Amino acid sequence: MTDRYAVIGNPVTHSKSPWIHAEFARACGEDIEYRRIEAPLEGFTAAVDLFRAAGGKGLNVTLPFKQQAFRYCATVSERARSAQAANTLVFQKEPYGDNTDGVGLVRDLTANLEIALGRGSVLLMGAGGAAQGVVGALLGAGVSRLVIANRTLAKAQALAARFPGASACGYDALAGEAFDLVINATSAGLSGDGPGLPSGILRRRMLAYDLVYGRDTQFLAAARAAGARACDGLGMLVEQAAESFFVWRGIRPDARPVLAKLRAA
Ligand code: NAP
C-alpha cells in the first residue's frame with residue numbers, strides 16, 4: 001500500500017511541499033502519496049488524529065502549528081527540543097517529532113551557497129518560530145558570534161538565554177556593528193516592510209539571507225543596493241524537505257536539481 005504523508009498548516013493552499021516531495025519520491029524510486037491539509041486554527045489535534053487513524057505515516061507542519069506539533073509528540077529529537085517546535089512528525093505506535101528547519105538553512109548556506117560558517121559572525125533578525133528553529137543549527141555549525149535582534153527585545157533575550165553562545169539586542173544597538181552573514185527570520189517582508197536595521201549593517205562582501213521566498217523583500221533589495229550578496233529562503237525550503245524525506249524514508253534525496261527546477265519555474 002502507498003504510504004501517505006501531508007503538510008498541515010493554515011493557510012496551506014500555496015505550499016510547494018507536495019510538488020517537492022513528489023520530485024524526491026520519483027528521484028528515489030519511493031512510492032508515497034503527499035497532500036495538503038488545511039486544519040482549522042483551533043483544530044490541529046483533531047486533524048492530526050484523523051490523519052493518523054486513517055493510516056497516515058507522517059506530516060510536515062507549517063504555520064501556525066509548529067509549537068502545537070511539538071507538544072503533540074510523545075518523543076522528540078534533540079533538534080525539536082532545542083527549537084521547542086516540530087515541523088516533521090513520524091507516526092509509528094506513538095507520534096515522534098523532529099525539526100528540520102535548522103539543518104535545512106545550514107545546508108543551503110554551506111552546500112548550495114558555499115558559505116564557510118565556521119569563522120563567521122552572524123546576525124539573526126527575529127525571535128519567532130522560524131528563528132527558534134535555526135539558532136541551535138547555526139551554533140552547531142560553529143559560528144564565531146551569533147547576535148539575535150528582534151523588534152520585541154524581550155523575545156530575543158528569552159531566545160538567546162536558552163542558547164549559550166548567543167546574545168540578544170534591539171535593532172538600535174546594532175549601529176556600528178559588522179557581520180559576515182545577516183539572516184532575516186522576521187515576517188516583515190510579507191507586509192512589504194524591512195525589519196528595521198540601522199544603515200551601514202548591509203555592505204559589500206557579506207551575505208544577506210531572507211527566510212521568506214517567492215518575493216523580492218525590502219531587506220533583499222536593500223542588501224543588493226548596498227553591494228551585498230542577497231538570497232531568499234527557497235533553498236532552505238527544499239533542504240528542510242529533503243531532511244524530512246530522510247527522516248521518513250531513510251533515503252536522502254539530492255535537493256539541488258529540485259531547487260534548480262523551482263528557481264527556473
Ligand atoms: P512568527 O513566529 O510569526 O514570528 C515573526 C517574527 O517577525 C517576530 O520576531 C516578529 O517580531 C517579526 N516581525 C514581524 N513583523 C515585523 C516588522 N514589521 N518589523 C520587524 N519585525 C517584524 O513567524 P515565523 O514562523 O518565525 O516565520 C517568519 C518568516 O520565516 C515567515 O515569513 C515564514 O514564511 C518564513 N519561514 C521560511 C522557511 C523556509 O523554509 N524558507 C521556514 C520557516 C519560516 P515581534 O516578536 O516583535 O513581533
Side-chain angles (χ1 to χ4, degrees), residues 7-17 19-21 41 44 60-70 79-80 83-88 98-109 112-113 123-138 147-160 166 168-174 182-198 201 208-220 222 230-245 255 258-259 262-263:
V7 55
I8 185 166
N10 185 330
V12 80
T13 330
H14 299 295
S15 171
K16 297 182 194 304
S17 293
W19 183 85
I20 292 170
H21 281 281
L41 290 176
F44 172 77
N60 277 139
V61 183
T62 187
L63 276 173
F65 298 128
K66 290 181 187 179
Q67 281 87 4
Q68 273 186 71
F70 174 75
R79 304 188 291 204
Q84 299 284 294
N87 77 335
T88 304
D98 200 348
N99 192 313
T100 65
D101 279 338
V103 73
L105 171 65
V106 166
R107 213 165 274 154
D108 191 36
L109 290 169
N112 300 331
L113 301 171
L123 169 63
L124 177 65
M125 300 187 291
Q132 284 179 45
V134 302
V135 173
L138 288 168
V147 177
I148 303 169
N150 194 46
R151 181 175 61 180
T152 309
L153 176 58
K155 281 170 68 181
Q157 288 169 329
L159 180 55
C169 68
Y171 289 112
D172 291 348
L174 291 168
V182 177
I183 299 170
N184 185 14
T186 76
S187 49
L190 297 180
S191 49
D193 295 331
L197 263 184
I201 301 285
Y209 190 101
D210 201 324
L211 263 59
V212 169
Y213 53 84
R215 66 176 75 200
D216 194 28
T217 60
Q218 194 194 96
F219 168 69
L220 290 182
C231 196
D232 73 1
L234 194 63
M236 171 178 169
L237 177 77
V238 180
E239 292 288 356
Q240 63 78 29
E243 183 72 8
S244 293
F245 192 94
V258 177
L259 177 57
L262 270 177
R263 289 235 182 265

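Ligands are counted one by one from 1 in listed order, and the atoms in each one are counted from 1 as well. If you're wondering where the values come from, they're calculated on a predicted model, not measured in any experiment.
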Visitor: Between L124, D210, T152, L105, flag the one that comes closest to atom 47 (O) of ligand 1 by a heavy atom.
Guide: T152
Visitor: Does some non-hydrogen atom of Q132 fall short of 4.0 Å from ligand 1?
Guide: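 No heavy atom of Q132 comes that close to ligand 1.
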Visitor: Can you list the atoms of ligand 1 that are under 4.0 Å from a heavy atom of G126?
Guide: 9 (O)
Visitor: Could you identify the single nearest non-hydrogen protein atom to atom 42 (C) of ligand 1 and state the distance to 0.1 Å?
Guide: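 Minimum-distance protein heavy atom for atom 42 (C) of ligand 1 reads M236 CE, 3.7 Å.
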Visitor: Is there side-chain contact between D232 and Y209, with at least one heavy-atom pair below 4.5 Å?
Guide: no
Visitor: Is T217 reaching over with its side chain to a backbone N or O of G189, donor-acceptor style, under 3.5 angstrom?
Guide: no
Visitor: Only heavy atoms of Y213, strictly under 4.0 Å: list the atoms of ligand 1 that pass.
Guide: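 Reading through ligand 1 atom by atom, the close ones are 41 (N).
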Visitor: Any atoms of ligand 1 less than 4.0 Å from a non-hydrogen atom of V212? List them with their elements.
Guide: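 It comes down to these atoms of ligand 1: 32 (O).
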Visitor: With distance as the sole test, does N87 use its side chain to make a donor-acceptor pair with the main-chain N or O of V61 at under 3.5 Å?
Guide: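 Checked: no pair found.
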Visitor: Short question: side chain of N99, backbone of A85 - any donor-acceptor pair under 3.5 Å?
Guide: yes
Visitor: Among all protein non-hydrogen atoms, which one is nearest to atom 20 (C) of ligand 1, and what is the separation to 0.1 Å?
Guide: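 Nearest protein contact, heavy atoms only, for atom 20 (C) of ligand 1 is P195 O, 3.4 Å.
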Visitor: Testing the basics here: between A80 and F70, what is the closest heavy-atom pair and its distance to 0.1 Å?
Guide: O-CE1, 3.5 Å
Visitor: Among protein heavy atoms, which lies nearest atom 14 (C) of ligand 1, and at what distance?
Guide: S187 OG, 3.4 Å
Visitor: Does the salt bridge (charged side-chain N to carboxylate O under 4.0 Å, His left out) test come out yes or no for K66 and D101, once each step is laid out?
Guide: CA-CA 11 Å; K66 290 181 187 179; D101 279 338; 2.7 Å; yes
Visitor: Taking 4.0 Å as the limit for heavy-atom contacts, which would you say applies to P64 with ligand 1: side chain only, backbone only, both, or neither?
Guide: neither
Visitor: Which of these, G170, G189, A188, G196, has its nearest heavy atom closest to atom 19 (N) of ligand 1?
Guide: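 Residue with the shortest heavy-atom distance to the ligand atom: A188.
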Visitor: I want to know if ligand 1 touches G129 in the polar sense, i.e. an N/O pair below 3.5 angstrom.
Guide: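 So ligand 1 has an N or O lying under 3.5 Å from an N or O of G129.
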Visitor: Polar-atom distance check: R151 versus ligand 1, any N or O pair below 3.5 Å?
Guide: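 Such a contact does occur with ligand 1.
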Visitor: Q84 versus Q67: any side-chain heavy-atom pair under 4.5 Å?
Guide: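 No. Closest side-chain heavy atoms not under 4.5 Å.
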Visitor: Using distance alone, with no hydrogens and no angle criterion, decide if N60 and S244 have a side-chain donor and acceptor under 3.5 Å apart.
Guide: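 Yes - a donor-acceptor pair under 3.5 Å links their side chains.
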Visitor: For T186 and A188, indicate whether the former's side chain and the latter's backbone hold a donor-acceptor pair under 3.5 Å.
Guide: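 Pair found, side chain donor or acceptor close to backbone of A188.
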Visitor: In the protein, which heavy atom is nearest to atom 44 (C) of ligand 1, and how far is it?
Guide: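 The protein heavy atom lying closest is A130 CB, 3.6 Å.
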Visitor: G128 heavy atoms, cut-off 4.0 Å: which ligand 1 atoms fall inside?
Guide: 2 (O), 4 (O), 9 (O), 26 (O)
Visitor: Provide the closest heavy-atom pair for C169 versus L174 in the form atom of the first, atom of the second, distance.
Guide: SG-CD2, 3.6 Å
Visitor: List the closest protein heavy-atom neighbour of atom 28 (C) of ligand 1: residue, atom name, distance to the nearest 0.1 Å.
Guide: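 It is A185 O, 3.5 Å.
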Visitor: Go through ligand 1 atom by atom and flag the ones less than 4.0 Å from a non-hydrogen atom of L190.
Guide: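 Heavy-atom distances to L190 below 4.0 Å select 32 (O).
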Visitor: Would you check if there is a donor-acceptor pair between the side chains of N112 and E239 at a distance under 3.5 Å?
Guide: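 Checked: E239/N112 side chains pair up, N/O donor to acceptor below 3.5 Å.
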Visitor: What is the closest protein heavy atom to atom 43 (C) of ligand 1, and at what distance does it sit?
Guide: K66 NZ, 3.7 Å
Visitor: Heavy atom under 4.0 Å from ligand 1: found in T186's side chain, backbone, both, or neither?
Guide: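 Under 4.0 Å from ligand 1, T186 contributes backbone and side-chain atoms.
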Visitor: With atom 37 (C) of ligand 1 as the reference point, say which of N150, L211, L63, L153 has the nearest heavy atom.
Guide: L211
Visitor: Please check whether Y171 reaches ligand 1 - meaning an N/O of the residue sits under 3.5 Å from an N/O of the ligand, judged on distance alone.
Guide: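 Checking ligand 1 against Y171, no N or O pair falls under 3.5 Å apart.
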Visitor: Taking the side chain as every heavy atom from C-beta outward, state whether L237 and K16 have any pair of such atoms under 4.5 Å apart.
Guide: yes
